[in-house]
Amino acid sequence: MIPDAWRRGEVAVVGLGKSGVAASRWLVRHGLRVYASDVASTHAVVRAADVLRSAGVAVDIGKHDLARITGASAVVVSPGVAPDAAPVAAARTAGVEIIAELDLGLRALDSSNLIAVTGTNGKTTTTSLIAHVLETAGLSAAAVGNIGRPLTDLASEASIPEWLVVEVSSFQLHDAPHLAPTVGVLTNLAPDHLDRYADLESYYADKRLLFRNAAESCTWVLNGDDQAVLELAANVVGQHRYWSIERQRDAWYDRNDAILVLGGDMLLVRADLPLLGDHNVANALAGALAAAAAGVAAPDIARGLASFAAPAHRLERVASRGDTEWINDSKATNVSAATVALQAMTRPYVLVAGGRGKGEDFTMLQPALSTHCRAVVAYGEAAREIEAAIAGVVPVERIDKFDDAVARAGALASAGDVVLLSPACASFDQFANFGERGDRFRELAQSA
């Protein structure tokens, strides 16, 4: 489980989010010397550092000791740390073994029943949905990974679920050589993280690492409507299963009759799926195919889909004040994710967008905005760029602070409207993460 070489030195952990803390604690409990560091020094990082120091971990915050990292026996990387980040690049140049926290968890758990979910958008909803369907069918399952619960945290439990449903980011895939899914799901591909990848091809190359350990026994659940997905998965060994919301595939959406179809038979009436938007129909179809590959019968899949609630921060209804509905889609941290949220709106809405941009083109929002959007309130670092990109398509107001932007959106909404937070940007200019931003939106909506 733990290479002997690791015990001869010190293991470095880069990043002190949940995954970095879980990995550090797991390593210490297994008798290894650990150095952990984070360039940030927020309250959350300070608290994490205190916890780790009390467990015997050497910790730096506000900096990385590159000499110590390049001299480590191995480096474990948290999911939010890009492959070209300074400590990771330095370790790679020095020839130090680098693995994602995810890979450490895979080694620790050694589970043969693994469903891995990746893609640009829809990962978290699809991961949660699959785990829910498996549990509804009577199987023990856990949704882990980039969704919020680190694998190394689960590895400390006395009882391990029968199935692991793991959300995997591109950064995690980069350094997870032991990832060998029983079922792999690729939701879609679109430009993202271009602020941290040299080009789109580099980003897609990391996504293709989902198939790194492909075998004939693997089942790959693929978006049949996404040409980039089809090209990426071409010639990968294993069984390929496709879903579509446009045409008949292994699982598909019959728009004329408004039903979800699996294997040629009706699975579920669209009205019984409690999720907004066509993109969530696609997520449900992907989840259905993954659950079927795990041996779940169609009636149990349908029952699970019908009882699934949207995860927090993903087109989540958080308040209804008078005739105005407030929807939290804080997880839409890129333009393509925000676009699918806008396309899901069937009522007039006021959009709150902004934060820290990822180097994407905000003009791509224009077609979706032109349908039902009443106005946009742009906030934060990207506000000026958003305003320039969509001015003339819909009215735009630019406001610096998030709280003020939400209040203004509420004032602009008319009776029967939706106030939608779908930022198309990362949260890091004013919040620690998208969850904190979404929680603040919920607070403001419920007190409006």
Side-chain angles (χ1 to χ4, degrees), residues 121 275-280 310 312-357 360-427 429-431 434-448:
N121 299 310
L275 299 172
L276 295 172
D278 278 359
H279 67 292
N280 274 321
H313 316 301
R314 293 153 184 89
L315 285 178
E316 173 196 20
R317 294 180 174 96
V318 294
S320 182
R321 315 291 293 183
D323 293 326
T324 302
E325 189 170 33
W326 298 70
I327 295 180
N328 167 26
D329 194 40
S330 183
K331 183 61 169 63
T333 60
N334 58 54
V335 169
S336 60
T339 298
V340 295
L342 306 186
Q343 291 169 340
M345 294 297 103
T346 58
R347 295 161 54 181
Y349 64 92
V350 178
L351 173 66
V352 178
R356 178 169 294 169
E360 296 182 89
D361 182 2
F362 293 113
T363 63
M364 300 301 291
L365 296 170
Q366 290 182 4
L369 287 169
S370 65
T371 305
H372 295 293
C373 186
R374 186 180 299 281
V376 174
V377 182
Y379 84 94
E381 289 181 6
R384 191 177 299 276
E385 186 179 355
I386 292 171
E387 181 184 38
I390 64 176
V393 178
V394 291
V396 185
E397 294 190 19
R398 179 161 45 88
I399 294 177
D400 182 44
K401 296 299 183 184
F402 180 80
D403 286 17
D404 296 336
V406 174
R408 181 56 181 158
L412 289 171
S414 299
D417 283 1
V418 170
V419 177
L420 170 66
L421 170 66
S422 194
C425 294
S427 59
D429 60 338
Q430 297 184 27
F431 297 95
F434 73 84
E436 183 179 288
R437 175 172 61 188
D439 289 341
R440 182 56 181 161
F441 179 80
R442 183 186 298 108
E443 292 172 3
L444 294 170
Q446 292 175 352
S447 62

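- The NE2 atom of His279 sits 4.5 Å away from the CG atom of Leu315 when rounded to the nearest 0.5 Å.
- With hydrogens and angles ignored, the 3.5 Å screen pairs no side-chain donor or acceptor of Arg317 with any backbone N or O of Glu325.
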Identify each donor-acceptor pair in which a side-chain atom of residues 378-385 lies under 3.5 Å from a protein atom, sequence neighbours left out, and give them as a table.
{"residue": "Tyr379", "atom": "OH", "partner": "Gly354", "partner atom": "O", "Å": "3.4"}
{"residue": "Tyr379", "atom": "OH", "partner": "Arg437", "partner atom": "NH1", "Å": "3.2"}
{"residue": "Glu381", "atom": "OE1", "partner": "Arg356", "partner atom": "NE", "Å": "3.1"}
{"residue": "Glu381", "atom": "OE2", "partner": "Arg356", "partner atom": "NH2", "Å": "3.0"}

Please determine whether side chain to side chain contact (heavy atoms under 4.5 Å, CB included) holds for the pair Phe434 and Arg314, giving the CA-CA distance in whole Å, both sets of side-chain angles, and the decisive distance to 0.1 Å. CA-CA 10 Å; Phe434 73 84; Arg314 293 153 184 89; 3.4 Å; yes
Could you walk me through whether Phe431 and Asp439 satisfy the side chain to side chain contact (heavy atoms under 4.5 Å, CB included) test, starting with their C-alpha distance in whole Å, then the side-chain angles of each, then the deciding distance to 0.1 Å, before giving a yes or no? CA-CA 10 Å; Phe431 297 95; Asp439 289 341; over 6 Å; no
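- Ser330 contributes no side-chain N or O that, together with a main-chain N or O of His313, makes up a donor-acceptor pair within less than 3.5 Å.
- Here the CH2-CD distance, from Trp326 to Gln446, works out to 11.0 Å after rounding to the nearest 0.5 Å.
- One distance of note links NZ of Lys331 with OG1 of Thr333; it measures 5.0 Å at 0.5 Å rounding.
- Separation of atoms CG (Leu412) and OG1 (Thr324) is listed at 11.0 Å; rounding is to 0.5 Å.
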Report all side-chain donor-acceptor pairs from residues 335-344 shorter than 3.5 Å, counting only partners two or more places apart or in another chain.
{"residue": "Ser336", "atom": "OG", "partner": "Asn121", "partner atom": "ND2", "Å": "2.6"}
{"residue": "Ser336", "atom": "OG", "partner": "Asn334", "partner atom": "OD1", "Å": "2.9"}
{"residue": "Thr339", "atom": "OG1", "partner": "Val335", "partner atom": "O", "Å": "2.8"}

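- When every heavy atom of Ser422 is checked against every heavy atom of Asp329, the shortest pair comes out as OG-OD2, 2.9 Å.
- A donor-acceptor pair under 3.5 Å is formed between the side chain of Gln430 and the backbone N or O of Phe402.
- Rounded to the nearest 0.5 Å, atoms CZ (Arg398) and CD (Glu387) are 4.5 Å apart.
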Step-by-step side chain to side chain contact (heavy atoms under 4.5 Å, CB included) determination, Tyr349 to Leu369: CA-CA 10 Å; Tyr349 64 92; Leu369 287 169; 3.8 Å; yes
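- Residue Arg442 comes nearest to Ala312 through the heavy atom pair NH2-CB, 4.0 Å, listed as atom of the first residue, atom of the second, then distance.
- At a threshold of 4.5 Å between non-hydrogen side-chain atoms, the residues Ile327 and Leu276 count as touching.
- Side-chain atoms of Arg440 do not come within 3.5 Å of backbone N or O of Gly438 as any donor-acceptor pair.
- Ser427 pairs by the side chain to side chain donor-acceptor pair (under 3.5 Å) definition with nothing, not counting sequence neighbours.
- Judged by distance alone, the side chain of Asp323 and the main-chain N or O of Gly416 form no donor-acceptor pair under 3.5 Å.
- Each of Ile399, Leu421, Asp404 was compared with Val377 under the side-chain contact (heavy atoms from CB on, under 4.5 Å) criterion, and only Ile399 meets it.
- Atom CZ in Arg374 sits 4.0 Å away from atom CG in Asp417 (nearest 0.5 Å).
- When atom types are taken as modelled, the side chain of Asn280 and the backbone of Gly277 share no donor-acceptor pair closer than 3.5 angstrom.
- The closest side-chain donor-acceptor pair between Thr363 and Asp361 falls under 3.5 angstrom.
- Of all heavy-atom pairs spanning Ala424 and Leu365, the tightest one is CB-CD1, 4.4 Å.
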